[in-house]
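Side-chain atoms are counted along with the backbone in the values below, which use heavy atoms only and exclude waters and symmetry mates. In the text below, chain A, chain B and the rest are named by the order of the sequence lines, each starting its count at 1. Predicted model, so just to flag it, every value in this text is computed and none were measured.
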Protein chains: 2
Amino acid sequence: MSRWKPDARGRLEQAALELYRERGFDQATVTEIAERAGLTERTFFRYFADKREVLFWGQSHLLELYVNTIANAPASASPIEMVAAALEAAVPIFEERHELAQQRQAVIDAHRGLQERELLKRNALAAAMANALRQRGVSDTIARLAAEIGVIAFTTAYARWVSAPSEQDLSRLIRESLDQIKAITAGA
Amino acid sequence: MSRWKPDARGRLEQAALELYRERGFDQATVTEIAERAGLTERTFFRYFADKREVLFWGQSHLLELYVNTIANAPASASPIEMVAAALEAAVPIFEERHELAQQRQAVIDAHRGLQERELLKRNALAAAMANALRQRGVSDTIARLAAEIGVIAFTTAYARWVSAPSEQDLSRLIRESLDQIKAITAGA
DNA sequence: CGAGTGATGTCAGTCCATGACATCACTATA
DNA sequence: TATAGTGATGTCATGGACTGACATCACTCG
């Protein structure tokens with residue numbers, strides 16, 4: 001038997017989600033989370049920068065997927081098509097975890113501070129995609145705007161997908177959002 | 001002479017901006033801010049929910065302006081035109097305070113936590129505009145997307161306007177961003 | 001003139017977050 | 001196989017953000 005139980009990070013993530021659901025984010029202390037995971041408060045803060053981050057750490061590899069997809073998109077694609085391809089590529093990751101996504105989102109929706117963090121993560125995704133677009137030769141402003149538009153389309157679609165009682169096709173919802181954005185701007 | 005010096009809130013705002021600029025957000029304690037304003041820490045927290053909010057409280061009346069502008073837009077206007085009109089209406093408020101905007105933005109750009117708060121405020125603006133659009137009969141999804149697009153256009157334009165050494169026409173920058181968004185989506 | 005009222009102060013307490021240092025199973029290598 | 005790391009974790013101390021409960025006291029109003 002090894003010295004420590006494996007997957008400390010995963011145990012902390014699970015304990016945190018449980019406690020945030022049971023008593024709400026503010027009522028759950030870091031000490032409690034750590035205890036439930038069989039660790040100490042200090043160790044919690046070695047894995048996660050703060051009490052909120054524990055709900056978002058898993059997103060870090062999404063960013064990589066988005067960036068790689070844009071980097072490998074066909075040269076013929078327009079900026080918004082590259083972004084759409086990236087969003088599409090990540091769909092399976094979400095569809096495998098619909099229930100977890102619902103639980104997690106309910107916790108976030110109940111707390112301003114968590115919504116803040118979610119927006120920051122979204123912003124980071126947009127910035128990373130913009131950067132990837134720039135490396136494909138897209139001008140700075142167009143890259144930023146295309147990435148932001150993509151994030152909006154995804155966010156809108158994701159919100160509907162998460163809150164839907166029966167599971168819908170996330171890809172289709174994303175495409176619908178992009179089409180609607182196109183219609184809105186064209187109509188001006 | 002009245003019992004207290006007037007404008008406690010304003011004094012706190014100014015003291016906070018000064019200290020955040022002098023030593024950075026993390027190094028400035030609330031106690032110091034309150035002392036510089038001739039008050040106590042406890043009073044700071046009566047005016048502002050937390051240490052970040054002091055930089056954003058002033059935006060609260062912007063929201064009102066956006067909402068009113070959309071409420072009074074001509075019935076013939078499209079959703080995105082209503083949003084553009086709202087953004088346009090707020091331009092003078094910013095143009096009167098270019099230097100303050102620069103100082104404030106420098107502080108925010110230097111601190112993740114403040115960027116988070118800024119995103120939350122932006123999100124609140126988008127939500128308020130979406131709501132105003134809904135009351136003008138726009139469907140829920142279109143209202144949300146149009147408001148978000150408007151916020152992106154504004155954010156992009158504002159970033160350029162703030163960082164520009166010589167003062168540019170913010171209205172023009174906003175219109176340019178909207179045009180670029182239109183081009184990006186149309187090209188898909 | 002006395003009873004509020006409201007902005008501010010005082011005090012005690014909780015929890016988040018971090019730095020410094022200790023522990024000790026495991027590993028590598030001489 | 002002895003020994004010197006190594007790294008994940010624990011322990012301890014501390015500071016600072018935030019909150020609730022209660023005190024103060026110039027001002028106002030009847």
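- The base of D:dG10 lies close enough to the side chain of A:R46 for a donor and an acceptor atom to sit less than 3.5 Å apart.
- With DNA chain C read from its 5' end, the first of the two nearest nucleotides for A:T31 and A:R42 is the one closest to A:T31.
- In this structure, CD of B:E32 is placed 14 Å from P of D:dG15, rounded to the nearest angstrom.
- There is a path of hydrophobic side-chain contacts, each under 4.5 Å, that joins A:I149 to B:Y158.
- Rounded to whole Å, the distance from CG on B:D50 to P on C:dC16 is 16 Å.
- Following rounding to the nearest Å, B:F44 (CZ) and C:dG9 (C1') show an atom-to-atom distance of 17 Å.
- In this structure, of C:dT8, D:dT9, D:dA17, it is C:dT8 that holds the atom nearest to the side chain of B:A8.
- What separates CZ of A:R11 from P of D:dT9 is a distance of 7 Å, to the nearest Å.
- Along DNA chain C, the nucleotide closest to B:T43 and the one closest to A:K51 are compared, and the more 5′ of them pairs with B:T43.
- Counting non-hydrogen atoms of other residues, nucleotides and ligands closer than 6.0 Å to CD of B:Q59 gives a total above 12.
- Candidate nucleotides C:dG9, D:dG7, D:dT9 were compared by shortest atom distance to the side chain of A:L39, and D:dT9 ranks first.
- Salt bridge annotation for B:R175-B:D179: absent, with no cationic side-chain nitrogen under 4.0 angstrom from a carboxylate oxygen.
- Under 4.0 angstrom from either OP1 or OP2 of C:dG9 there lies at least one side-chain N or O belonging to B:T40.
- Taking every side-chain heavy atom of B:F45 into account, D:dC18 is the closest of D:dC18, C:dA7, D:dG10.
- Per the geometry, OH belonging to A:Y47 stands 20 Å off P belonging to C:dC16, to the nearest Å.
- Here the side chain of B:W4 is nearest to one of C:dC24, D:dT9, C:dT8, namely C:dT8.
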A:T185 and B:T185: CA distance, side-chain angles, deciding distance, side chain to side chain donor-acceptor pair (under 3.5 Å) verdict: CA-CA 8 Å; A:T185 54; B:T185 54; 3.0 Å; yes

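- As judged by a 4.0 angstrom heavy-atom cut-off over every strand, B:A34 is placed among residues making no nucleic acid contact.
- With C:dC11, C:dC16, C:dG19 as the choices, the nucleotide that has an atom nearest any side-chain atom of A:E41 turns out to be C:dC16.
- For the side-chain contact (heavy atoms from CB on, under 4.5 Å) criterion with A:R117, the lone passing option out of A:L55, A:D50, A:I108 is A:D50.
- Between the NZ atom of A:K5 and the P atom of D:dG7 there is a distance of 24 Å, given to the nearest Å.
- Residue A:R3 contributes atom CZ, which lies 16 Å from atom P of C:dA22 at whole-angstrom precision.
- Atom CD of A:Q27 and atom P of D:dT19 are 12 Å apart (whole Å).
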